[in-house]
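What follows is one structure encoded as structure tokens, with my remarks underneath.
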Amino acid sequence: TGIYHSLIKLGIKHEIPTRPDLNTANFVLSQFPQAHLAEARIAFIDARTNLSVSYGELRRSIYSLASALFHGLEVRKGDVVFVLSPNSTLYSTICLAVLSVGAVLTTANPINTATEIAKQVHDSSAKLAISAPEELHKLVPTGVPTILTSHCSDGNMLSVEELIKGCCTSPELPQVPVAQSDTAAILYSSGTTGVSKGVVLTHANLISIMRLLLWSADVSGSQDDVFLAFIPMFHIYGLVFFGLGLLCVGVTTILMQKYDFQAMLDAIQKHKVNNLPAVPPVILALVKHARKATCDLSSLRRVGSGAAPLSKEVALEFRRMFPWIELRQGYGLTESSGGATFFASDKDAKAHPDSCGKLIPTFCAKVVDIEKGKPLPPHKEGELWFKSPTIMKGYLGNLEATSAAIDSEGWLRTGDLGYIDENGFVYIVERIKELIKHNGYQVAPAELESVLLSHPLIVDAAVIPVEDEETGQIPMAYVVRAAGSELSENQVIQFVAGQVAPYKKVRKVSFIDTIPKSAAGKILRKDLVSQSKYQLVS
Ligand code: 4UW
């Protein structure tokens with residue numbers, strides 16, 4: 001039939017619950033350690049301040065904040081709450097309190113610009129924002145009512161910290177009927193084409209992905225693990241692991257506000273971290289610099305890699321240098337709630353260093369011939385399509401993009417070219433969608449193109465990815481200048497840098513007479529990609 005099914009079956013314990021009224025928050029809380037002693041177990045430690053939060057304290061904070069949101073601030077079912085904060089010990093509390101009252105979570109990269117943030121606040125129709133004090137100035141112009149995460153000495157604004165302290169501990173969550181089919185979160189992704197769109201994830205989607213994480217942690221015996229989190233919780237990878245899922249497993253997570261190589265090594269050594277979900281640039285940095293750096297990585301048992309392709313050479317070198325560490329690749333998309341493939345055993349991962357694993361339980365895949373639209377047999381390359389209970393409901397308020405992404409039978413088109421071998425291992429060959437990945441972060445060419453076109457001396461522009469060893473890819477712009485203009489590469493770079501978050505900056509510019517386009521006016525990116533390869537080597 002051309003359909004690949006996950007070969008792994010879940011046990012009864014991990015089957016997706018059908019109780020219709022179960023929401024993400026009470027699912028996570030139902031997995032928390034219940035016994036008094038177990039409640040003392042540490043959930044989070046802030047790597048910078050050393051402050052820790054136990055599972056018991058976390059539960060009480062979630063109850064208090066949920067009460068304050070519901071009774072004090074009148075946050076109601078369906079209200080969208082915009083969270084703008086780096087990783088912090090409060091992040092999970094905020095997410096779970098918001099979800100528990102049936103409100104909808106939307107998250108953003110705190111380094112986004114005020115304009116980028118205003119767009120998302122507007123697109124998601126946010127009713128309330130919760131912001132780290134240092135990012136507040138970006139929310140003020142939007143006019144959305146905002147509370148701070150933590151108290152800030154020079155103001156009299158309400159903060160989450162005070163709401164938690166000030167609210168008499170509530171013995172339970174406010175009772176808000178929430179259906180699993182209700183929206184839980186709106187995360188932003190550009191999908192296969194165009195600008196960032198709101199990926200609508202339901203409680204059923206999030207509960208399903210957490211069940212799978214719980215299952216895989218049970219299989220690998222991760223209950224007593226110490227994880228390190230520099231992957232941000234605003235992104236699906238960090239949200240599913242650190243914000244929500246690992247709390248179901250009961251692990252301790254050391255939180256870093258942002259990635260810093262030496263700080264990461266120090267934290268691993270100090271806290272005897274044994275599990276490190278990471279991204280390819282970090283694996284490369286470990287291979288290149290860990291030997292020279294003063295550090296002890298002996299506590300590490302497993303390192304994960306996801307969000308962008310990991311080169312086979314780097315993977316092999318990593319295993320050679322750190323033979324005691326398991327290196328497991330995973331692959332997923334925001335649109336599939338993060339999951340899609342993983343390795344259940346190190347033996348498999350070691351034997352397939354260029355694969356990103358097998359389909360996770362509950363997933364089905366098709367490999368679809370790009371020209372003929374027909375499903376392909378093992379080893380043949382085509383676009384990967386997925387079906388699973390974790391697939392998004394659609395893009396917020398965008399039926400056209402939704403039906404382009406999910407077909408009438410519920411198959412999600414990934415925009416990734418790959419193949420599956422006869423044993424079910426999945427290989428990603430190339431990204432055929434427009435999306436650029438810089439250090440694992442999404443950069444949408446369409447967004448940079450519209451910034452470029454707003455320059456009075458730019459007539460036309462196209463943005464493509466250029467491979468980069470350290471960061472995966474960098475955005476490169478092809479620009480058509482107005483007649484007679486002497487606009488320089490540096491001026492173009494500076495113009496864009498002034499308007500977008502630092503990770504989205506255009507880092508190379510080439511001037512061209514016309515942008516190659518199809519008869520229908522679509523930019524022929526492939527032509528520009530081949531041209532850039534030629535230009536960069538010649
Ligand atoms: N190899 C090649 C990979 C890989 C990859 C992703 O920003 P998004 O929408 O989403 C993510 C999610 C990552 C993720 C990985 C593993 C995991 O367990 C997890 O759990 C929550 C999450 O990055 O970008 C999706 C796009 O990123 C590329 C690919 O193009 C995909 O469509 N990508 N992982 N291992 N490419």
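In listed order, ligands and their atoms are each counted from 1.
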Query raised in the report: Taking non-hydrogen atoms only, is L333 closer than 4.0 angstrom to ligand 1 via side chain, backbone, both or neither?
Result: both

Looking only at distances, please establish whether an N/O atom of ligand 1 is found under 3.5 Å from an N/O atom of [X].
X    : answer
S305 : no
S337 : no
Y237 : no

Taking only heavy atoms of [X], which atoms of ligand 1 are found under 4.0 Å from at least one of them?
X    : answer
Q329 : 1 (N), 3 (C), 35 (N)
K433 : 30 (O), 31 (C), 32 (O)
D416 : 29 (C), 30 (O), 31 (C), 32 (O)
Q442 : 7 (O), 8 (P), 9 (O), 24 (O)
V240 : 21 (C)
H235 : 7 (O), 8 (P), 10 (O), 11 (C), 12 (C), 23 (O)

So which protein heavy atom does [atom] come closest to, and at what separation?
atom                    : answer
atom 9 (O) of ligand 1  : T334 OG1, 2.6 Å
atom 18 (O) of ligand 1 : F241 CE1, 3.6 Å
atom 34 (N) of ligand 1 : A307 N, 3.1 Å
atom 35 (N) of ligand 1 : G330 O, 2.8 Å
atom 24 (O) of ligand 1 : K437 NZ, 2.7 Å
atom 12 (C) of ligand 1 : G332 O, 3.4 Å

Report summary line: Looking at G472, A308, S190, G245, the heavy atom closest to atom 1 (N) of ligand 1 belongs to A308

Report task. Ignoring hydrogens, just give me the one of G306, P309, G338, G415 whose non-hydrogen atom is nearest atom 17 (C) of ligand 1. Result -> G338

Report summary line: Separation between CG (L99) and OG1 (T24), nearest 0.5 Å, reads 5.0 Å

Requested in this report: To the nearest 0.5 Å, tell me how far Q473 CD sits from D468 CG.
Outcome: 9.5 Å

Salt bridge or not between [X] and [Y]? Use side-chain N to carboxylate O under 4.0 Å.
X    : Y    : value
E335 : K433 : no
E116 : K119 : no
R301 : D225 : yes
R525 : E434 : yes
E470 : R507 : no

**Report entry** Over 12 non-hydrogen atoms of neighbours within 6.0 angstrom of NZ in K393
**Finding:** yes

Query raised in the report: Which heavy-atom pair separates A444 from S190 by the least distance, and what is that distance?
Result: CB-CB, 3.7 Å

Report task. Using the side chain to side chain donor-acceptor pair (under 3.5 Å) rule, take T115 and Q499 through it: C-alpha gap first, then chi angles, then the decisive distance, then the call. Result -> CA-CA 8 Å; T115 313; Q499 300 182 60; over 6 Å; no

**Report entry** Geometric class of the F318/F322 ring pair [parallel <30°, tilted 30-60°, perpendicular >60°]
**Finding:** tilted

